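So you know, we letter chains A, B, ... as the sequences are listed, proteins then strands, and number each from 1. Everything numeric in this text was worked out from a predicted model, so none of it was measured.
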Amino acid sequence: MLELSIQKRFPEHDFALDVCLATEAPIAALIGPSGSGKTQTLRSVAGAVRPDQGRIVLDGRVLFDRSLGIDLSPQERHVGYVPQHYGLFPHLDVAANVGFGLKHRHGSPAAERIGRMLATVGMERLAHRYPMQLSGGQQQRVALARALILEPRILLLDEPFAALDGTLRAALRAELNELQQRLRFHMLLVTHDPEDLQLATECFVYAGGRIVGGSQSPPDAARLATEVLPDARGERS
Amino acid sequence: MGFRASLSTARLETVKARMRSWQLPSWPQALVAGPSLLFVAIIGLPVFAILARVAQSEAPLQTLTRPIVLEALRVSAITTACTLAGALLLGTPLAYVLARRRFPGHALLDSLLELPMVLPPAVAGVGLLFAFGRRGLLGDQLAAAGISIPFTATAVVLAQFFVAAPFYVRAARAAFESVDPEFEIVSHTLGVSSWLTFVRVTVPLAFPGLLSGATTCWARALGEFGATIMFAGSFLGRTQTLPLAIYAGLESDLDAAMAISALLTVLSFGLLLILRASLRARNPVYA
């Protein structure tokens with residue numbers, strides 16, 4: 001259960017974020033045109049952005065509450081954050097990336113755990129490659145593994161498929177869906193692509209820093225989204 | 001995307017072709033070759049002269065064991081090591097803050113830190129005397145604590161630090177700026193503390209820049225002359241660094257001056273190779 005009500009001004013960009021949402025959906029999506037505040041919402045949940053006002057509660061645990069003076073550090077939030085270009089550490093190989101957040105990174109228990117996680121995402125044979133030697137899809141799998149190995153309360157994904165081409169996009173969407181079914185983690189994903197809504201069980205439509213609509217039925221949401229995304233189709237060509 | 005990429009490649013080719021056709025043919029060869037040769041001669045001849053002179057002299061390696069040389073080597077090794085250590089310890093956090101935070105006075109602080117790089121070293125020497133000298137700003141306090149800085153090894157280190165450390169800070173700042181803050185945020189969400197994130201993510205990613213900054217800083221410290229001679233003097237075995245020993249040697253021991261000059265030339269060349277290598281290391285497998 002994620003409840004969020006935040007306001008933040010970005011004076012240098014002449015932009016204000018003012019959103020309020022609550023969801024119990026295992027996969028919730030934030031959709032809207034670029035610059036509509038989706039990513040800033042996601043970063044607020046991760047603790048990378050501090051709202052001016054408001055409150056963020058995850059599974060009954062207050063992550064942020066301005067009036068109570070609560071602002072947990074990103075380290076204390078136990079959320080998995082996968083930024084748009086995956087943020088894999090370029091100087092570390094796949095195994096070291098996946099094990100990066102483990103308290104005990106060395107020794108055989110850690111190696112075993114990393115190995116199991118890599119097998120889960122189908123990357124066990126590339127454990128000693130560096131991120132730059134991987135395809136976009138493989139990078140995404142590693143980034144997911146690195147976040148999921150810590151069993152976060154929620155996985156935050158920023159435009160997970162934007163960097164991939166069309167056919168791969170559909171395949172990875174199915175893969176992510178399957179992974180979620182198996183591991184049963186909660187997910188909040190940001191997208192500007194209505195097709196990504198196939199994944200979501202609930203979605204919120206962003207425009208100009210506000211939520212202008214929401215739906216628990218993906219087809220409805222896709223229709224809504226195309227209304228605020230007049231160039232949604234053209235943008236992907 | 002594909003269209004745009006091919007368009008820009010085509011444009012680049014046109015520009016290249018234009019440059020080729022424009023470059024040499026329309027310029028008379030002599031107009032290019034003459035000034036270039038003169039330029040190379042002005043830079044190359046002194047370097048050649050030092051090496052040639054040393055090659056002609058008798059037993060140049062033995063000259064390096066004379067007391068004036070050994071003492072200067074010792075003083076230079078110790079003081080530049082202290083300067084480099086100070087620059088790394090004090091300069092790294094400063095460079096990081098300058099790279100990551102914007103605060104009132106940021107631009108002013110930035111200019112102040114770059115000032116020593118363009119300030120004449122003699123002015124630096126005067127400034128150091130006015131600040132830490134017996135009649136300087138802190139003179140009374142230092143005297144009360146029983147500390148006298150001018151004309152000591154500490155003064156040598158301060159002079160070198162003033163002149164050389166800003167080079168490290170500038171390079172380190174640029175290196176930190178080149179590290180995408182997103183990597184640090186990801187590390188934080190993985191439960192890794194800010195300090196460990198700095199050690200495990202930021203520094204490794206900034207390393208080539210930090211290394212070239214440290215190398216430049218050390219080279220500048222090693223060559224420091226003007227500020228040192230004004231603030232620390234030139235006392236054999238105490239404040240006489242290699243450049244000061246060359247100057248002293250010109251009057252008393254020309255062979256020693258020659259040997260030190262050759263040594264520093266070779267050393268500088270080695271440093272240049274390290275710098276080149278560290279710049280090339282910006283593009284390893286992961287970049």
Side-chain angles (χ1 to χ4, degrees), chain A residues 12 39 42-49 63 72-94 96-103 105 128-134 139 142-143 145-156 158 165 235-237, chain B residues 1-7 92 96 99-104 106-107 172 174-214 277-287:
Chain A
E12 67 273 30
T39 294
L42 200 74
R43 291 165 64 88
S44 303
V45 178
V49 164
L63 302 185
L72 297 189
S73 67
Q75 287 89 342
E76 296 169 303
R77 293 190 180 202
H78 302 296
V79 299
Y81 174 56
V82 180
Q84 191 169 356
H85 298 285
Y86 315 128
L88 293 180
F89 303 122
H91 60 300
L92 300 176
D93 68 12
V94 166
N97 262 285
V98 172
F100 190 85
L102 295 178
K103 282 275 174 298
R105 282 176 293 140
H128 299 295
R129 291 274 186 93
Y130 284 84
M132 272 301 142
Q133 302 170 303
L134 302 177
Q139 291 186 18
V142 177
R146 180 177 64 179
L148 290 173
I149 200 170
L150 301 173
E151 296 170 4
R153 287 159 192 270
I154 193 168
L155 190 62
L156 308 168
D158 193 358
D165 61 45
E235 205 175 319
R236 289 172 25 242
S237 55
Chain B
M1 233 351 241
F3 172 66
R4 218 178 281 163
S6 64
L7 184 72
T92 305
Y96 187 71
R100 283 284 186 265
R101 302 258 184 279
R102 288 292 173 271
F103 45 84
H106 187 278
F176 288 139
E177 274 173 351
S178 74
V179 177
D180 189 342
E182 202 73 0
F183 288 126
E184 295 169 353
I185 292 167
V186 168
S187 174
H188 293 162
T189 63
L190 292 169
V192 177
S193 69
S194 299
W195 165 245
L196 283 178
T197 295
F198 184 71
V199 173
R200 290 173 56 193
V201 177
T202 317
V203 168
L205 291 180
F207 190 74
L210 299 180
L211 179 63
S212 81
S278 72
L279 285 175
R280 214 172 298 131
R282 279 174 203 272
N283 305 306
V285 281
Y286 58 79

**Item:** Leading residue by heavy atom contact count with chain A [cutoff under 4.5 Å; candidates B/H188, B/R200, B/E182]
**Value:**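 Top count of heavy-atom pairs under 4.5 Å with chain A: B/R200.
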
**Short N-O contact, B/E177 and B/R102, less than 4.0 angstrom** = yes

Side chain / backbone / both / neither for [X] at chain B, heavy atoms under 4.5 Å:
| X | value |
| --- | --- |
| A/R146 | both |
| A/L88 | backbone |
| A/R129 | neither |

Within-4.5 Å side-chain heavy-atom neighbours: [X] and [Y]:
| X | Y | result |
| --- | --- | --- |
| B/T92 | B/F176 | yes |
| A/Y86 | B/V186 | no |
| A/P83 | B/I185 | no |

**Asked** Would you say B/F207 has more than 12 foreign heavy atoms packed within less than 6.0 Å of its CZ?
**Response**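 Counting neighbours around CZ of B/F207, 12 or fewer heavy atoms of other residues, nucleotides or ligands fall under 6.0 Å, so no.
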
**Item:** Options A/R43, A/Q75, A/H78, ranked by heavy-atom pairs under 4.5 Å with chain B, top entry
**Value:**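 So the answer, after comparing A/R43, A/Q75, A/H78, is A/Q75.
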
